[in-house]
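One structure is given here, and the rest of the page talks about it.
It should be emphasised that the depicted structure is a prediction, and the values quoted were computed from it without experimental measurement. Residue numbers start at 1 and run along the sequence shown.
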Amino acid sequence: MRYDLVIFDNDGVLVDSEPISNRLLAGYLTELGHPTSYEDSLRDYMGAAMHRVHDLVLERTGRKLPEDFDDVFHRRVFAAFEEDLEAVPGVVGLLEKLAVDGVPYCVASSGSHERIRVGHRKTGLDRWFEDERIFSSQDVGRGKPAPDLFLYAAERMGVAPERCVVVEDSPLGVRAAVAAGMDVYGFTAMTPAGKLAGATRLFRDMGELAGLLTT
């Protein structure tokens, strides 16, 4: 293994949640008078913490989102997760191999701790991620593209940043990993490769990743 720690993003990398959450986010913003398409949501918010949604809407319109925006949005998302959420194909096999090989790994997500755990319970990934392997933007002051979350995860896992590799599928996440001084492998199953500029390597099938990490 070329690295001492594999740091996974969650949404779109471990669980196939990006289509669900961005469809719902676009719909909710549009309901509130901020017309947003699914493609707009992917472009502006994929991989971001919720504060980015509030910040961009305020910047663009001069209007704040409702106080209960996050609560209402998450209720809708969690209900949809219970119906439709699945693990990303190939993830379970990859986690099994990392565990057998004794390779440390964790998740560092822009989503809340509750969102991470709801998704993992629904998909069965909770068996692979104990509390000490889960890090959220809630744990740090700034979300991606700031490097804070990845640096925090590395520190808590006891690994130097330069010995970490991040697995990401969003432009914001790639920027955060690069800013943290970490290699980053860009997952292109959903995101066009051209939008992950700066990634150390690109791959499209999660089944490829174990081999890439050792070569």
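Ion pair Arg121/Asp126 not flagged as a salt bridge, since none of the NZ, NE, NH1 or NH2 atoms sits closer than 4.0 Å to an Asp/Glu carboxylate oxygen. Using a 4.0 Å cut-off between a side-chain N of Lys or Arg and a carboxylate O of Asp or Glu, Arg75 and Asp71 do not qualify as a salt bridge. The existence of a salt bridge linking Arg133 and Glu130 is confirmed by a sub-4.0 Å separation between a basic side-chain nitrogen and an acidic carboxylate oxygen. A salt bridge is defined here as a Lys NZ or Arg NE, NH1 or NH2 lying under 4.0 Å from an Asp or Glu carboxylate O, and Arg2 with Glu162 fails to meet this definition. Asp44 has no carboxylate O lying under 4.0 Å from a charged side-chain N of Arg52, or vice versa, which leaves the two without a salt bridge.
Val13 places a side-chain heavy atom less than 4.5 Å from the side chain of Met206. At a threshold of 4.5 Å between non-hydrogen side-chain atoms, the residues Phe8 and Val91 do not count as touching. Side-chain contact between Val174 and Lys195: absent, with no pair of heavy atoms (C-beta onward) separated by less than 4.5 Å. For the pair Val88 and Val15, the minimum side-chain heavy-atom distance is 4.5 Å or more. Residues Tyr185 and Val165 have side chains in contact (heavy-atom distance under 4.5 Å, counting atoms from C-beta outward). Glu96 is listed as a side-chain neighbour of Trp128, based on a closest heavy-atom distance under 4.5 Å. Thr36 is not listed as a side-chain neighbour of Leu25, based on a closest heavy-atom distance of 4.5 Å or more. In this structure, Tyr28 and Arg23 have side chains that are not in contact, with every pair of non-hydrogen atoms separated by 4.5 Å or more.
Asp40 CG to Arg43 CZ: the interatomic distance, rounded to the nearest 0.5 Å, is 4.5 Å. Distance check: Asp4 CG to Met157 CE gives 11.0 Å after rounding to the nearest 0.5 Å. To the nearest 0.5 Å, atom CG of residue Asp148 and atom OG of residue Ser137 are 10.5 Å apart. Residue Met46 holds its CE atom at 7.0 Å from CG of Asn22, rounded to the nearest 0.5 Å. Here CG of Leu24 is found 11.5 Å from CZ of Phe78. Values are rounded to the nearest 0.5 Å. Taking CD1 of Ile20 as the reference point, atom CD of Glu83 lies at 10.0 Å (rounded to 0.5 Å).
Although no hydrogens or angles enter the test, the distance criterion places no donor-acceptor pair under 3.5 Å between the side chain of Ser41 and the main chain of Glu39. Counting only distance, with no hydrogens or angles, the side chain of Thr188 and the backbone of Phe203 share a donor-acceptor pair below 3.5 Å. For Arg175 (side chain) and Ala146 (main-chain N/O), no donor-acceptor pair under 3.5 Å exists by modelled atom type. Within the 3.5 Å criterion, the main-chain N or O of Asp9 finds no donor-acceptor partner in the side chain of Ser109. Without hydrogens or angle criteria, Asp205 side chain to Gly207 main chain gives a donor-acceptor distance under 3.5 Å. One N or O on the side chain of Ser170 and one on the backbone of Gly173 form a donor-acceptor pair closer than 3.5 Å. A donor-acceptor pair under 3.5 Å is formed between the side chain of Thr191 and the backbone N or O of Asp169. Lys144 places no side-chain N or O within 3.5 Å of a backbone atom of Leu172 that could act as its donor or acceptor partner.
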* Please report the C-alpha distance between Glu31 and Arg76 in whole Å, then the side-chain angles of each, then the deciding distance to 0.1 Å, and finally whether the salt bridge (charged side-chain N to carboxylate O under 4.0 Å, His left out) criterion is met. => CA-CA 13 Å; Glu31 279 179 37; Arg76 295 183 183 188; 2.9 Å; yes
* Begin with the C-alpha distance, continue with both residues' side-chain angles, and end with the deciding distance and a verdict on side-chain hydrogen bond (donor to acceptor under 3.5 Å, both in side chains) for Tyr3 and Asp183. => CA-CA 9 Å; Tyr3 303 97; Asp183 281 358; 2.6 Å; yes
* For side-chain contact (heavy atoms from CB on, under 4.5 Å), just list the numbers for Phe187 and Glu208, CA-CA rounded to whole Å, side-chain angles, deciding distance to a tenth of an Å, and then say yes or no. => CA-CA 10 Å; Phe187 184 40; Glu208 304 172 33; over 6 Å; no
* Walk me through it: do Ser21 and Arg115 pass the test side-chain hydrogen bond (donor to acceptor under 3.5 Å, both in side chains)? => CA-CA 11 Å; Ser21 59; Arg115 177 180 173 130; 3.2 Å; yes
* Would you sort out whether Arg63 and His34 count as a side-chain contact (heavy atoms from CB on, under 4.5 Å), showing the intermediate values? => CA-CA 10 Å; Arg63 291 188 289 148; His34 306 288; 3.2 Å; yes
* CA sep, side-chain torsions, deciding dist, call: His74, Glu114, side-chain contact (heavy atoms from CB on, under 4.5 Å) -> CA-CA 9 Å; His74 284 124; Glu114 183 182 15; 5.8 Å; no
* To do: Run the numbers on Asp70 and His54 for side-chain hydrogen bond (donor to acceptor under 3.5 Å, both in side chains), then give the verdict.
  => CA-CA 9 Å; Asp70 291 10; His54 291 265; 2.7 Å; yes
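Clustering ILVMFWY residues whenever any of their side-chain heavy atoms sit less than 4.5 angstrom apart, transitively, puts Val92 in the very cluster that holds Ile116. Ile134 and Leu151 fall into different hydrophobic clusters, where Ile, Leu, Val, Met, Phe, Trp and Tyr residues are linked whenever their side-chain heavy atoms come under 4.5 Å apart, directly or through other members. Residue Val103 is grouped with residue Leu212 when hydrophobic side chains (ILVMFWY) are merged at heavy-atom distances under 4.5 angstrom, including chains of intermediate members. Put simply, Val6 and Leu149 are part of two different groups of oily side chains (I, L, V, M, F, W, Y) that touch within less than 4.5 Å, one to the next. At a threshold of 4.5 Å between side-chain heavy atoms, the hydrophobic network of Ile, Leu, Val, Met, Phe, Trp and Tyr places Ile7 and Leu213 in two separate groups.
For the 3.5 Å distance criterion, the side chains of Asp11 and Ser17 qualify, holding a donor opposite an acceptor. A donor atom on one side chain and an acceptor atom on the other are not found under 3.5 Å apart for Asp131 and His113.
The aromatic rings of Phe69 and Phe73 lie parallel to each other, their planes meeting at an angle below 30°, with 60° marking the opposite boundary.
Aromatic pair Tyr105/Phe129: centroids less than 6.0 angstrom apart.
Around the CD atom of Glu86, the shell of radius 6.0 Å holds no more than 12 heavy atoms that belong to other residues, nucleotides or ligands.
Ala177 and Val184 make their closest contact through CB-CB, 3.7 Å (heavy atoms, listed as atom of the first residue, atom of the second, distance). Across all non-hydrogen atoms, the minimal contact from Pro147 to Arg142 is CD-NH2, 4.4 Å. Closest of all the heavy-atom pairs between Tyr38 and Ala26 is N-CB, 3.8 Å. Here the shortest heavy-atom pairing between Gly111 and Ser136 reads O-OG, 2.7 Å. Taking both residues in full, the closest heavy atoms of Leu32 and Pro66 are given as CD1-CD, 3.9 Å, listed atom of the first, atom of the second, then distance. Across all their heavy atoms, Ser110 and Gly47 have their closest contact at OG-O, 2.7 Å.
In this structure, Arg156 is not positioned above the aromatic face of Phe135 in the sense of NZ or CZ being under 6.0 Å from the six-membered ring centre and within 45° of the axis.
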